[in-house]
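Down below is the structure, laid out as structure tokens.
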Amino acid sequence: MQYLIQLLISGLAIGAMYGLIAMGFAVIYKSTGLVNFAQGEMTMITAYIAWTISTTVSGNVFVVAIGAILAAVVLGLVIERLVMRPMLGEPVFATVMVTIGLAVILRSAINFIWDAYPHGLDIGMGRGIVHLGGIGVRTGQIAVIATLLLLLAAIWAFFRYSKVGVAMRAVAADDRTALLMGISATKVHALAWAASSAIAGIGGVFFALSYDLSPAMFQLGLKAFPATILGGLDAVLGSGLGGLLIGITENLAGGYLGSGMKEVAGFAMIIVVLMVRPFGIFGERDIERV
Amino acid sequence: MRTGDYKQSYGELVALIDSPPVWLWSAVLLLALIAAPWLLNSYALSFLMIILITVTGALGLNILTGYTGLISLGHVGFLVTGAYAYAVLVSKYHMPPLVGFLGAGIVPALASLIVGAPSLRLKGLYLAITTLAFSFIINTVILEMRWLTNGARGIQVQRPEILGISFDGDAAFTYLCLAFAASTLFATLNIRRSRVGRAFVAIRDNDTAARVMGINLHAYKLFAFVTSAFITGIAGALYGIYLSFVSVEGFPFLLSIEALAILIVGGLGSALGAVLGTVLIVLLPEATRLVFSLFSAQMDATFTTGAQELKSMLYGLVIILFLRFQPRGLVGAWHDIKRTWVHWPLRY
């Protein structure tokens, strides 16, 4: 029982990180109709920048957090402007392939800018252990779950009530009509890339806090992928929750079936999900007109 | 000099080669390739081997992604399955290499049925994601089936001896690769001009319309999957023999990206494009290294230390630049040049 609860809690924590990155996928998909295959790499770069800030500028939590979020926003804006904007209006296949090319470039760039060795991100907190009813939980694990829930609520409110959020939904539903209503699709896209990069970046920093930074971190993107598919590519909230589900499944599979199963549990799950409900649990079925 | 398209029957429209100069140049190319192992040094010969093996694999992916329009991000999965099928049959159970090559085709083809069947409901991105998931699952399966595959330790593979002919030397092995690459090229060109090939292209261009015309989508999509996996598997076996060691690490995920880069750079949906793309992508890192080494010895040193990273960066850059500036690839560029040459100074 103790073992099960332990697995569930660490599953929730890693799931929350997947959830954050999955929300990054969904924000971009929702407003631009693209799957951003470079999401994991963008997450990794944000985490590395956070590490650089913590070692060179200051190890203060707030400095690192604000610096990392700003860096993630800038990264998202730069990528959108330089790489994605010129591809506007091209077929989806071409644009998605561009994100794959971008992913490969960013992944190698890590090895040039930083190095290939693992680093620990230490900002003096997150690794302490709190005892909750006899079960040891890391403070970082609690923090990441809380952050995910907070962001889920914030994003729900943003899409529901704010003018910009409604505009983003409008662009996603029909960009031409949105354009005629006076919404700038390019600005909305830029905003989506910045927001996605920041949300996923937060997940990446939390991952670096609990585990270590290494150039293999881009796999976080691949792991978060099943979460987005599970929740629905166009469902931001669903993706967040999908992350929690994937995290728990993965940990249970790893705990009871062996470590090999842990690696592929998420992927096995998306194949099943895609067969049964290709648009995800919370996604909308897209109807094709002939 | 070609003065027009004088096609008088349907047969001429689908002919494999429709003009004598093309016959001539193809023959010249083939003779050059046959002479090459005698003329090239072993360093250049290794590039020729890699090009021939990669062409085989790229043509396999071309059937699925280029002709049928089904994007696969997991072709390295078929590559590694083929390599393991060959290694297990030949090195472990001491079967003749021909059986090994047959197995290297059939096992991935069966695996492709497992991936292909659920993928029939999916389109575009979702399909790409399923194939991506497949390639990760297959790696774990191989690592877990230790009794068959030696797990992470991998399997040693010898150069084969087929029908009494030893393919141990580099030149001999190049001929083996050449034989496989040339027959694959012929096979794909012939598939393209047959009824099946036209059905593939119809599915790519508009699947709803193709279905209305009476094309059985499920059957043809599965057929594309199986054919593509068969060819890719054989390329995997060749690559395994080339490396002389088959392990999961020998087939990184980057190979899937490399294959897609080849198709995009060459021109999607064209066998000629797959060949041109392969030559460019395989030689690109080497060419860049040469250019860099002209500038300074220090840059040359960076290249040797970070070779793998620079290589993948180049792939990424080439993919983005081609999609941005020449989406029809090298084949498209070649057509443009020809048209300009013929019509100059008129635009068309």
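Below, read A as the first sequence line, B as the second, and so on, with proteins coming before strands; counting in each chain starts at 1. Just the heavy atoms: all of them, side chains too, but no hydrogens, waters or symmetry mates, feed the values below.
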Any non-hydrogen side-chain atom of [X] less than 4.5 Å from a side-chain atom of [Y]?
X         : Y         : value
Glu41(A)  : Val104(A) : no
Thr68(B)  : Val201(B) : no
Thr140(B) : Phe136(B) : no

Portion of Ile71(B) that has a non-hydrogen atom of chain A nearer than 4.5 angstrom: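 Only the side chain of Ile71(B) comes within 4.5 Å of chain A.
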
Which atoms of Leu317(B) come close to chain A, meaning under 4.5 Å heavy atom to heavy atom: side chain ones, backbone ones, both, or neither?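 Both parts, backbone and side chain.
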
[Y] versus [X], side-chain donor and acceptor atoms under 3.5 Å:
X         : Y         : value
His189(A) : Thr186(A) : no
Ser10(A)  : Asn251(A) : yes
His75(B)  : Ser135(B) : no

Heavy-atom cut-off 4.5 Å, strictly under: side chain, backbone, both or neither for [X] against chain B?
X         : answer
Val272(A) : neither
Val98(A)  : both
Ala103(A) : neither
Ile229(A) : side chain
Leu106(A) : neither

Would you say the ring centers of Tyr18(A) and Phe225(A) fall short of 6.0 Å from each other?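 No.
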
Partner chain A: residue of Ala117(B), Gly316(B), Ala128(B), Ala261(B) with the largest heavy-atom pair count (under 4.5 Å):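 Most heavy-atom pairs within the cutoff with chain A belong to Gly316(B).
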
For chain A, which of Thr130(B), Asn139(B), Ile137(B) has the most heavy-atom pairs under 4.5 Å?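 Maximum pair count with chain A is reached by Ile137(B).
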
